[in-house]
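First comes the structure, then the notes that go with it.
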Amino acid sequence: MKPKSTDSTRDPYDELPYCAFPVEWTAPERLALASLLHGGPRLPLERYRVLELGCANGANLLPMSWYRQHAEFTGLDSSARQIALANDSRDKLGLNNLHFVHGDFRSAVDQLEGPYDIIMAHGVFSWVADDARDAMLEMCASLLTSEGLLYLNYNAHPGWTVRGMVRDFLLQQTVGASSLKERAELCREISARVISPLKEHEHAFTKLMANEFTLVINQSPEYIAHEYLSPANRAYWRKEFFDVLQRFGFSFVADADFNSMSNRITESYADLMKLSDLDDSAAGDSADLMCYRQMQSPVLTHSPLTSSPCTLEEFSNLFIVSKLVPVDDKGEHPTFRGPSGEDIEITHHRFSEILKGLQPIWPRGRRIASLFTDVAEVRESLEYMLSQQLIELRCVEPGDFNVSPEPLNELEISLRNISTSPWHRMDAPETATGPD
Ligand SMILES: C[S@@+](CC[C@H](N)C(=O)[O-])C[C@H]1O[C@@H](n2cnc3c(N)ncnc32)[C@H](O)[C@@H]1O
């Protein structure tokens with residue numbers, strides 16, 4: 001029997017809804033911090049409005065709005081089935097500060113009541129056709145407040161090129177499968193078959209490809225369908241991305257994941273790149289290539305960006321958070337265990353005392369001003385520790401929102417087997433509330 005081809009007129013997200021999850025660095029406080037520390041606009045965190053474009057089943061907005069009852073949230077998506085799932089969850093939680101709208105970027109602007117202080121679109125920019133992308137950006141330009149923040153993420157050249165090869169290969173090999181789900185399952189079978197004959201001592205390129213195919217094998221059919229088999233999925237060069245954004249009047253503020261070590265080349269390599277004759281864009285592309293960075297998550301604002309650096313008062317008002325565990329007090333300087341199990345010696349006595357005091361109250365933090373008498377003196381060291389992920393800084397303390405996680409987490413566990421904390425992290429349930 002000849003296989004039927006997939007119905008090309010049906011919305012693929014209606015056929016097979018996406019497996020969306022909360023995205024930690026889209027939390028409003030995180031975006032506000034990225035902007036503050038890079039001289040961008042200051043978000044009004046006491047009261048604000050958020051719009052998520054391409055919100056799928058609402059997995060990101062449901063926990064965000066649950067804990068942040070002082071703010072208003074709206075999600076827009078063109079898949080009727082996903083919006084129905086999102087509305088069902090919203091109703092179960094009785095959330096009055098969250099609304100979902102079914103509509104397409106190309107026509108939905110009149111269904112939305114702007115302006116919004118934050119507009120976010122995770123997993124959308126690279127995954128839609130150019131006309132939908134442009135309509136989305138036009139909508140952002142008209143609905144964002146003048147001091148608002150736009151968060152986007154996109155698949156980035158040159159790092160994504162290898163994944164793009166795997167996508168092209170899987171698209172070719174699975175033509176004619178009868179449904180999107182079967183096609184995605186076939187991708188897993190083919191990936192397993194491709195890597196099964198490999199021996200331990202293979203060429204470095206073969207190992208790289210094997211790693212990519214292993215990722216496919218470990219993904220859900222929903223993810224494979226919309227990442228590898230989506231009709232649109234393209235990577236952008238950094239310059240290409242900013243040229244598009246400039247057309248709609250946006251300029252770059254910061255990377256939303258600016259202090260994440262993943263996908264980052266060593267500092268010394270980045271410094272050497274800056275010293276070479278390459279301009280910023282070429283140096284960035286080179287670093288991205290060498291660390292195999294596949295995705296970028298920029299925060300933008302209306303152009304022109306007039307940079308106003310974070311003042312000492314603003315910095316002093318931030319919260320400092322650390323989970324470095326003290327392990328040895330006997331040597332000349334105390335040693336702490338870092339996030340990846342590495343040992344770190346802290347030479348500054350006051351710092352080590354503060355870190356010891358912060359670890360037991362994690363995931364909560366304390367205001368910098370309450371811990372240091374001379375913040376100007378320690379600011380550079382704190383910024384360095386932040387860049388090394390030894391501490392976190394926060395504009396507000398989500399632990400103070402005082403909202404019980406239980407009904408939310410029960411629903412999340414039943415739907416996605418996750419539970420999101422007030423810090424917008426997918427934590428194990430016992431860490432979701434934090435210590436008293
Ligand atoms: C790859 S999914 C990302 C979902 C979610 N933001 C995440 O990252 O987990 C892309 C989403 O964009 C939505 N979408 C695609 N084209 C759209 C359009 N033209 N208008 C509105 N939503 C669209 C899809 O329905 C889908 O839910």
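Heads up: numbering here begins at 1 and tracks the sequence. When a ligand or atom number is given, it counts from 1 through the structure's own listing order.
Within a 6.0 Å radius of CG in D130, more than 12 heavy atoms belonging to other residues, nucleotides or ligands are found.
Those atoms of ligand 1 with a heavy atom of R106 less than 4.0 angstrom away are 19 (N). Near V128, meaning under 4.0 Å from one of its heavy atoms, ligand 1 places the atoms 15 (C), 16 (N). Residue A20 approaches ligand 1 through these ligand atoms, each under 4.0 Å from one of its heavy atoms: 9 (O). Close approach to A56 involves these atoms of ligand 1, each under 4.0 Å from a residue heavy atom: 4 (C), 27 (O).
Considering backbone and side-chain atoms together, H122 places an N or O closer than 3.5 Å to an N or O of ligand 1. At under 3.5 Å, not a single nitrogen or oxygen of Y18, backbone or side chain, sits near a nitrogen or oxygen of ligand 1. Ligand 1 has no nitrogen or oxygen under 3.5 angstrom from a nitrogen or oxygen of H226. Ligand 1 has no N or O atom lying under 3.5 Å from any N or O atom of A132, backbone or side chain. Taking any N or O of S78, backbone or side chain, at least one lies under 3.5 Å from an N or O belonging to ligand 1.
Between R247 and D243 there is no salt bridge, since none of the side-chain N atoms of the basic residue sits less than 4.0 Å from a carboxylate O of the acidic one. The pair R30-E24 counts as a salt bridge, with a side-chain nitrogen and a carboxylate oxygen less than 4.0 angstrom apart. For the pair E212 and R163, the salt-bridge criterion is met [side-chain N within less than 4.0 Å of a carboxylate O]. E392 has a carboxylate O that lies under 4.0 Å from a charged side-chain N of R425, or vice versa, which qualifies the two as a salt bridge. Between R49 and E72 there is a salt bridge, since at least one side-chain N of the basic residue sits less than 4.0 Å from a carboxylate O of the acidic one. Ion pairing between a basic and an acidic side chain is recognised when a charged N comes within 4.0 Å of a carboxylate O; R68 and E29 show such pairing.
The protein heavy atom nearest to atom 5 (C) of ligand 1 is G54 O, 3.4 Å. In terms of protein heavy-atom proximity, atom 3 (C) of ligand 1 is closest to G123 O, 3.4 Å. In this structure, atom 20 (N) of ligand 1 lies nearest to the protein heavy atom F105 N, 3.0 Å. What sits closest to atom 13 (C) of ligand 1 on the protein, heavy atoms only, is D77 OD2, 3.4 Å.
Side-chain rings of H302 and F250 approach one another, their centers coming within less than 6.0 Å.
Residue-level proximity to ligand 1 for Q82 is carried by the side chain, the only part with a heavy atom below 4.0 angstrom. At a heavy-atom cutoff of 4.0 Å, ligand 1 is contacted by the side chain of Y13 but not by its backbone.
Under the 4.0 angstrom criterion for non-hydrogen atoms, G103 is in contact with ligand 1.
In this structure, a donor-acceptor pair under 3.5 Å is absent between the side chains of H424 and T420.
Ring geometry for Y223 versus Y18: interplanar angle of 30 to 60°, hence tilted.
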